[in-house]
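Please read the structure below before turning to the comments.
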Amino acid sequence: MIGIAKVIREVIITKLERQPMDSKECCLNKPKPTVILHMGWPKTSTTYLQEYVFPATQGINYVGKPFSKNYWWTIEKSILLDNDEDFKNQKSEFVKFIAREIKQDVVNVISHEGFIRVSRYMPSKLTDQFTTLDRLYSLFKDVSELKFLFFTRQHVTMLYSYFNQFLSEILHYGISLNDVFEYMENTEPSNCDVGRILDSLKYGRIIKYTSGIIGADNVGVLAYEDFSEFNNLLSRMLFKLSGVELKLCFIKARPNSTLKKDGRIRSVLSYYISTAEWKKIMYINRWLIYFKNLRGQFSKTSEFIPKEMFQEKEKIIKRYYKKDLTKLDDVNMRRSFNKWNYL
């Protein structure tokens, strides 16, 4: 028996030696596909990129959002909603699915600002932004060369746009603008719900944490204001992350996503918002959801919360976020922050 085994082993070795080197080593040397997770933040041209740029660019395998297959939504909900044990139990199946979906010879892009928007799935959400980042890394690290891409935005305009679009979610907590500004001014703030939303827009801690997980070279950051003025900066950033030169297609006129999504129907309630009596209108939230399909019939120029309300508090807002922004020591980022009046 020993002699037969020895003969079989020698035959196998001989066959392997006769194979070309590239066929033997292809699996070992084959590079992992590149995956870029475009995380937002929300209100930084995410809808524009998702609808007009990523899907239309040759050389990009655009997985979503919106995701083309429902199982991606299953993964997303598990990342954001499941406890550690439930997520761990499903993780292996998620990884197998992801490995089948991403492609080898293109740049795979997943764009979903909901991953770091804490008001998504409130109040049932169990995870924070750091847990979300850890889970995303754990799913992709073994099957891809993973990169993260973040867009930032000056906080005064960010808060104006954020609160106008996601008001229906925020109303579940009964949060008013007075609560927001009082939290920023209070040296010992106590409203955890307000803090979760405001702190989710602290770019510095999220970017630093992501860089700690995956390395700073694998994290790209672009200011929304820079991108709005110079679209080609995104092409450069994608090349830096992927090493692939992509010819992105940009339409000349971008829709104003906030006003497009909101519609005039909400302006009926603006008086109550301006007087900070939000709790009186919480019951109308359900009515808005039922009739959201009618929003397109109304003017797109209405605001729920006037921009002036945030501009008046500019000093307070900047002071609140200044310490976090100074955590970012990248020269280009600091230059953009100064140029666009972040600090």
Side-chain angles (χ1 to χ4, degrees), residues 34-62 65 106-113 116-117 147-162 165 201-204 206-208 210-211 216-261 307 310-311 314 317-318 321-322 324-343:
T34 298
V35 172
I36 296 178
L37 290 180
H38 171 226
M39 305 289 287
W41 269 259
K43 313 313 304 171
T44 58
S45 288
T46 50
T47 301
Y48 170 66
L49 293 172
Q50 291 159 359
E51 292 184 358
Y52 299 104
V53 179
F54 294 143
T57 300
Q58 187 174 1
I60 285 180
N61 173 37
Y62 180 55
K65 164 193 172 187
V106 293
V107 178
N108 299 274
V109 174
I110 297 174
S111 175
H112 187 25
E113 70 278 17
I116 54 172
R117 176 162 63 82
K147 318 289 182 178
F148 283 87
L149 175 61
F150 295 96
F151 276 54
T152 64
R153 184 173 180 176
Q154 201 264 8
H155 282 101
V156 175
T157 60
M158 167 64 88
L159 289 171
Y160 156 72
S161 190
Y162 190 101
Q165 181 173 340
L201 302 175
K202 287 184 174 180
Y203 311 136
I206 295 300
I207 294 168
K208 293 283 283 188
T210 308
S211 298
D217 291 341
N218 297 310
V219 179
V221 182
L222 192 60
Y224 162 80
E225 296 82 3
D226 281 334
F227 170 68
S228 297
E229 187 169 322
F230 307 106
N231 289 160
N232 66 317
L233 290 176
L234 178 58
S235 300
R236 296 181 189 177
M237 182 60 69
L238 293 177
F239 177 76
K240 175 185 173 183
L241 292 174
S242 68
V244 178
E245 197 165 336
L246 299 166
K247 294 183 179 180
L248 302 179
C249 301
F250 298 105
I251 59 174
K252 291 184 178 180
R254 293 208 301 273
N256 187 318
S257 298
T258 299
L259 299 184
K260 178 182 178 183
K261 293 170 185 173
K307 187 179 293 185
F310 295 94
Q311 292 173 335
E314 181 175 1
I317 294 171
K318 287 183 177 180
Y321 287 107
K322 182 177 180 179
D324 174 74
L325 290 175
T326 56
K327 293 179 181 179
L328 298 173
D329 51 9
D330 183 271
V331 174
N332 292 326
M333 278 190 278
R334 294 298 293 271
R335 186 183 297 119
S336 292
F337 292 165
N338 289 327
K339 177 181 178 181
W340 299 111
N341 202 24
Y342 278 51
L343 298 168

Side-chain donor-acceptor pairs under 3.5 Å in residues 234-248, sequence neighbours left out?
unit_1: S242; atom_1: OG; unit_2: L238; atom_2: O; d: 2.7
unit_1: S242; atom_1: OG; unit_2: V244; atom_2: N; d: 3.1

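Atom CD1 of residue I317 and atom NZ of residue K322 lie 15.5 Å apart, to the nearest 0.5 angstrom. Rounding to the nearest 0.5 Å gives a distance of 5.5 Å between CG of N338 and CG of L343. Taking CG of L325 as the reference point, atom CZ of F337 lies at 5.5 Å (rounded to 0.5 Å). Atom OG of S228 and atom CG of L222 lie 9.0 Å apart (nearest 0.5 Å). Annotation: the span from F54 atom CZ to Y62 atom OH amounts to 7.0 Å, rounded to 0.5 Å.
Residues forming a side-chain hydrogen bond (donor to acceptor under 3.5 Å, both in side chains) with T152 (at least two apart in sequence, or on another chain): Y342. For H155, there are no side-chain hydrogen bond (donor to acceptor under 3.5 Å, both in side chains) partners, not counting sequence neighbours. For K318, the side chain to side chain contact (heavy atoms under 4.5 Å, CB included) criterion is met by Q154, E314, N341, not counting sequence neighbours. With sequence neighbours excluded, the residues forming a side-chain hydrogen bond (donor to acceptor under 3.5 Å, both in side chains) with N61 are N108, listed by chain and number. Applying the side-chain hydrogen bond (donor to acceptor under 3.5 Å, both in side chains) test to W340 and every residue at least two apart in sequence or in another chain returns D226.
Taking a 6.0 Å sphere around CG of N232, one finds it holds more than 12 heavy atoms contributed by other residues, nucleotides or ligands.
A distance-only check finds no donor-acceptor pair linking the side chain of S161 to the backbone of T157 [under 3.5 Å]. Within the 3.5 Å criterion, the main-chain N or O of G204 finds a donor-acceptor partner in the side chain of D324. Remark: the backbone N or O of P42 is not paired with any side-chain donor or acceptor of T46 at under 3.5 angstrom.
Between R153 and E225, the closest side-chain pair of non-hydrogen atoms falls below 4.5 Å. Between I36 and I110 the shortest side-chain heavy-atom distance does not fall below 4.5 Å. Side-chain contact between K65 and S111: absent, with no pair of heavy atoms (C-beta onward) separated by less than 4.5 Å. Within the 4.5 Å cutoff, the side chain of K307 has heavy atoms near those of the Q311 side chain. Using a 4.5 Å heavy-atom threshold, the side chains of K208 and L328 count as touching. Using a 4.5 Å heavy-atom cutoff, the side chains of I60 and V106 are not in contact. Counting only heavy atoms from C-beta outward, the side chains of M158 and T44 approach each other to under 4.5 Å.
Only one option out of H38, K43, Q50 pairs with E113 in a side-chain hydrogen bond (donor to acceptor under 3.5 Å, both in side chains); it is Q50. Of the candidates Y48, F227, W41, F151 forms a ring-ring contact (aromatic ring centres under 6.0 Å, His included) with just one, namely F227. Of the candidates I206, L149, T210, V219 forms a side chain to side chain contact (heavy atoms under 4.5 Å, CB included) with just one, namely T210.
Checked against a 6.0 Å centroid threshold, the rings of F150 and Y203 do not count as neighbours.
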